[in-house]
Each structure stands twice: as C-alpha cells, then as structure tokens.
Amino acid sequence: MPYSSSPPQIPTASRTPAPSTDEATQSIAILGLGAIGTLMAWHWREHVLYGITRDNSRCQRTLIDQQQTAHSLTLPTWQHEAIDWLVITTKASATLEALQSVANQLPQVQNILLLQNGMGQQQQVSDWLSQQQCSANLWAGISTEGAYRQNTEQVVYAGSGDTHIGLWQAQHPTASIPNGLTVVDDIQQRIRAKLAINAVINPLTAVFRCRNGELVSHDEYRQALKELATEVQQCFETLQQPLNFDLTERSLAVAEATAANQSSTLQDVLHQRPTELDYINGYLIRQAQQLNIELPLNRRLLAQLS
Ligand code: NAD
Ligand code: KPL
C-alpha cells in the first residue's frame, strides 16, 4: 500500500537537486484532486504524496484503472513539509486562487507545475509569483491522458496519453522529474498548438451538442469548423505566433481520431458545470483585442455558451 494516512517524514536529501531520473523518489503535493489530479496521484503512488482540498478534508480517492480494478488512495494533507513539486490540477480558472490558498507554504516548494488546458493562468501565476518573490521554478504542462469523475471520490481512467512539461520561462531544468512526464523545451508552443485545436473543436461540439467525429461527418458542422479554424489560425499569425500546421486539417484529424469522444466542454455543458472556454477562446479574444483585432466567430460562440 503506497499511501500512508499520516504525513511521512521528508528526507533531507529530497531538498537538494537530485539527478534527473525517474527512479528518484520525489515529494509531491497535488492541489486539485479531481479527475487528472487523482490519476496523477495514482501514477505517482511510489512517491511521497500529499493532497490539498478546499476544506482541508482528508484526501480519499478511488482510481478505477483501465482493467476496471479499483485502487484506493489516501493522501495526507500537505501542511508545512518541504516538497519537490506542487502540482496544480484545478480547472484553469481556479488556478491563481488555489495557489494563493497555500501562499504561506510556498517557501517550502522547489517546483510548481500547472497541469491544465488553456492559457492565461500560467502568466497570471508567473506574475503573482514574481510579486511574491517566490523562488520556486514554474513549469507548465499539457496532457492527452483521459480521466473523468464518477462522483466526488471516484475517478475513472478513460484513456492513456502523454504528458509534456516545460519551464514557463526558458531556463535550464535542474529538477528531478516524476515518472510519466516528458520534459520539452518548447512548452509554450505546444500549449498554443493544443489551445488552437481546443478553440475549434470544443465550442463547436458544445454548441451543436455533438460528438467530436460529427464535426467531420456532418456537412454543416464541418463548414463551421473550417471557418472557425481559419479565424483562429489568422489570429495566431496576427499575434506573430504562427502555428506550424494547418489548423483546419489538424482539427479535422483530431476530431476524427477522437470521433467517439464528447469534448470536455460538451461534458461540462451537459453537467451544467462552468466551461474552460474563457481560458481558450476567451484568451484568444483578449490577446487579439490588444491589437484591436476582432474575432467575431470566437466571440459569438463564447456568448452562446456563457
Ligand atoms: P476536475 O473538475 O475533475 O478537477 C479539478 C479539481 O480541483 C476539483 O476536484 C476541484 O474541487 C479542485 N479545486 C478547485 N479549486 C480548488 C482549490 N482552491 N483548492 C483545492 N482544490 C480545488 O477537472 P479535471 O478534469 O481534472 O481537469 C483539470 C485540468 O486538467 C483542466 O484544465 C482540464 O482541461 C485538464 N485536463 C483534463 C483531462 C481529463 O481527462 N480530465 C485531460 C487533460 C487535461
Ligand atoms: O482535448 C480535447 C477536449 O475534449 O478537451 C479534445 C482534443 C477535443 C478531445 O476531446
């Protein structure tokens, strides 16, 4: 049983830079024990783990793996222990508030990783950390893993994928990296590429209440996809951050490859939860606005889904 119910002692050695190897035991606190947070806790079950919930309640979760086996996870609450990684897996909009809720403990943190979709929250956090003169390294990551919450405590591992992380500001990483994460030196470009695809597929599937594949097979939806992808592609060019692929083709390919999926935005809408579109299309609208550029299709979709 890899988890203990009382906080384990952190060996002093974990505070000094360790060689970059998957085998090194890390101390990791997870802030946001929803679908992805619980899945990562399970991947990292051999490390020293802590959880953080809104009400400081015990972090008791069950992960149902792809063989339908249920794994019970109990993470002690992170208090003032020194940790190698603070990993934030809240929705994008909750990021800064969640981090601020542990502001007093940040001197104990070596690395902060934001593992989320969307953009805007990373720079908000980076600016706030600078104001606080916090010395922790800020990392950002994106994942193609799939998990969903069956209820507050049960998470289902729906599909395995890759998780890439990189330092938010270009520096040389010196940290030891937990298993399952691949370090890249172009994380901002990768996040932008994912955001571009999400900006096309997610609002359209939510507005049309359709599965991803229907954006390809249904003529009217495919036309809407082409028009939105063109607007998003041009937006990135105007921002002088051109995508290095054709967004219409890539969006059609991703929609086809994930044909049976309900996008995360459609799931949020169907469950009457707030969507992350303000950190996807909303982010693009705000960036474009700074250059006096309008994104009418993005704006209309956002208004329809608000
Ligand atoms: P989720 O809603 O299941 O989990 C978020 C968790 O954060 C919830 O348990 C919530 O209670 C908690 N939280 C919010 N504010 C908090 C606070 N202040 N303190 C402590 N806990 C707090 O969401 P999710 O599906 O896990 O998604 C998280 C992020 O990961 C999103 O950006 C999403 O787009 C991204 N993502 C999810 C998946 C997936 O398959 N679920 C895949 C890739 C990326
Ligand atoms: O990331 C996704 C999401 O649903 O948020 C896609 C790629 C659209 C797959 O469903």
Side-chain angles (χ1 to χ4, degrees), residues 29-42 50-57 59-61 63 75 77-78 86-103 105 113-122 140-165 190-191 193-206 210-216 225 250-271 273-281 283:
I30 302 178
L31 176 46
L33 278 165
I36 278 291
T38 301
L39 176 59
M40 297 317 289
W42 181 65
Y50 302 95
I52 305 140
T53 53
R54 269 210 191 87
D55 54 1
N56 274 341
S57 56
C59 309
Q60 183 87 51
R61 297 286 183 272
L63 188 279
L75 279 67
T77 298
W78 180 46
L86 170 63
V87 181
I88 304 191
T89 47
T90 62
K91 297 279 196 183
S93 61
T95 312
L96 187 58
E97 193 192 328
L99 184 63
Q100 288 171 339
S101 75
V102 294
Q105 288 152 257
L113 168 61
L114 310 180
L115 192 53
Q116 301 161 319
N117 283 348
M119 283 191 90
Q121 75 275 23
Q122 300 93 347
I142 44 171
S143 183
T144 55
E145 294 262 66
Y148 63 89
R149 276 187 283 163
Q150 222 158 33
N151 54 47
T152 317
E153 295 201 348
Q154 283 199 328
V155 170
V156 177
Y157 190 6
S160 47
D162 302 314
T163 304
H164 290 98
I165 70 164
R190 286 170 187 258
I191 292 175
K194 179 156 173 51
L195 178 122
I197 294 161
N198 287 133
V200 176
I201 296 180
N202 292 36
L204 292 177
T205 49
C210 70
R211 289 189 185 264
N212 294 357
E214 289 172 78
L215 295 181
V216 184
L225 180 148
R250 184 69 65 86
S251 303
L252 285 168
V254 171
E256 197 152 31
T258 59
N261 276 24
Q262 279 183 335
S263 75
S264 55
T265 304
L266 176 58
Q267 289 179 46
D268 286 337
V269 167
L270 295 177
H271 288 94
R273 298 187 296 239
T275 74
E276 291 192 291
L277 292 184
D278 196 38
Y279 285 76
I280 301 174
N281 304 80
Y283 169 81

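Given the structure is predicted, the values throughout are model-derived calculations rather than measurements. Order of listing sets the numbers, starting from 1, for every ligand and every atom in it.
- Nearest non-hydrogen protein atom to atom 28 (C) of ligand 1 is Thr89 O, 3.4 Å.
- Residue-ligand proximity: Ile142 is placed with every non-hydrogen atom at 4.0 Å or more from ligand 1.
- Atom 35 (C) of ligand 1 has as its closest protein heavy atom Asn117 N, 3.8 Å.
- A heavy-atom distance below 4.5 Å is found between the side chains of Glu145 and Leu39.
- In this structure, CG on Leu31 lies 7.0 Å from OG1 on Thr89, to the nearest 0.5 angstrom.
- Residue Ile52 approaches ligand 1 through these ligand atoms, each under 4.0 Å from one of its heavy atoms: 20 (C).
- Between Leu86 and Trp78 the shortest side-chain heavy-atom distance falls below 4.5 Å.
- Scanning all protein heavy atoms for the shortest distance to atom 1 (P) of ligand 1 gives Arg149 NH2, 3.5 Å.
- Looking at Asn117, Asn212, Thr258, it is Asn212 that brings a heavy atom closest to atom 10 (O) of ligand 2.
- For the pair Asn151 and Gln154, the minimum side-chain heavy-atom distance is below 4.5 Å.
- Note on ligand 1: Ser101 sits outside its first shell, no heavy atom being nearer than 4.0 Å.
- Separating the CD1 atom in Ile191 from the CG atom in Asn198 is a distance of 11.5 Å, to the nearest 0.5 Å.
- Of the protein's non-hydrogen atoms, Ile36 CG1, 3.3 Å is the one closest to atom 37 (C) of ligand 1.
- Interface of Glu145 with ligand 1, defined as ligand atoms under 4.0 Å from a residue heavy atom, comprises 40 (O), 42 (C), 43 (C).
- The closest protein non-hydrogen atom to atom 23 (O) of ligand 1 is Lys91 CE, 3.6 Å.
- In terms of protein heavy-atom proximity, atom 41 (N) of ligand 1 is nearest to Ala147 O, 2.9 Å.
- Short contacts between ligand 1 and Leu33, defined as distances under 4.0 Å to a heavy atom of the residue, involve ligand atoms 9 (O).
- With ligand atoms numbered from 1 in the order given, ligand 1 contributes 30 (O) to contacts under 4.0 Å with heavy atoms of Leu115.
- Comparing Leu114, Thr90, Thr152 by heavy-atom distance to atom 29 (C) of ligand 1, the nearest is Thr90.
- Atoms of ligand 2 found under 4.0 Å from any heavy atom of Lys194, numbered from 1 in the order shown, are 1 (O).
- The contact set between ligand 1 and Gly146, taken as ligand atoms under 4.0 Å from a residue heavy atom, comprises 40 (O).
- Heavy atoms of Glu97 come nearer than 4.0 angstrom to ligand 1 in no pair at all.
- The line from CG of Asn202 to CD1 of Ile280 is 5.0 Å long, rounded to the nearest 0.5 Å.
- Proximity of Leu215 to Cys210: side-chain heavy atoms (C-beta onward) are separated by under 4.5 Å at one or more points.
- For the residue pair Gln116 / Gln121, a side-chain donor-acceptor distance below 3.5 Å is found, with atom types taken as modelled.
- In terms of protein heavy-atom proximity, atom 8 (C) of ligand 2 is nearest to Asn202 OD1, 3.4 Å.
- Nearest to atom 2 (C) of ligand 2 among the protein's heavy atoms is Asn198 ND2, 3.3 Å.
- Nearest protein heavy-atom neighbour of atom 33 (C) of ligand 1: Glu276 OE1, 3.3 Å.
- Atom 4 (O) of ligand 2 has as its closest protein heavy atom Ser264 N, 2.8 Å.
- A distance of 3.5 Å separates CG of Asn212 from OG1 of Thr258, quoted to the nearest 0.5 Å.
- For atom 4 (O) of ligand 1, the closest non-hydrogen atom on the protein side is Gly34 CA, 3.2 Å.
- Atom CG of Asp268 and atom CD of Gln262 lie 11.0 Å apart (nearest 0.5 Å).
- For the pair Glu276 and ligand 2, no heavy-atom separation below 4.0 Å is found.
- Ligand 1 is approached by Ser143 to a heavy-atom distance shorter than 4.0 Å.
- At a 3.5 angstrom cut-off on N or O pairs, Thr265 does not count as close to ligand 2.
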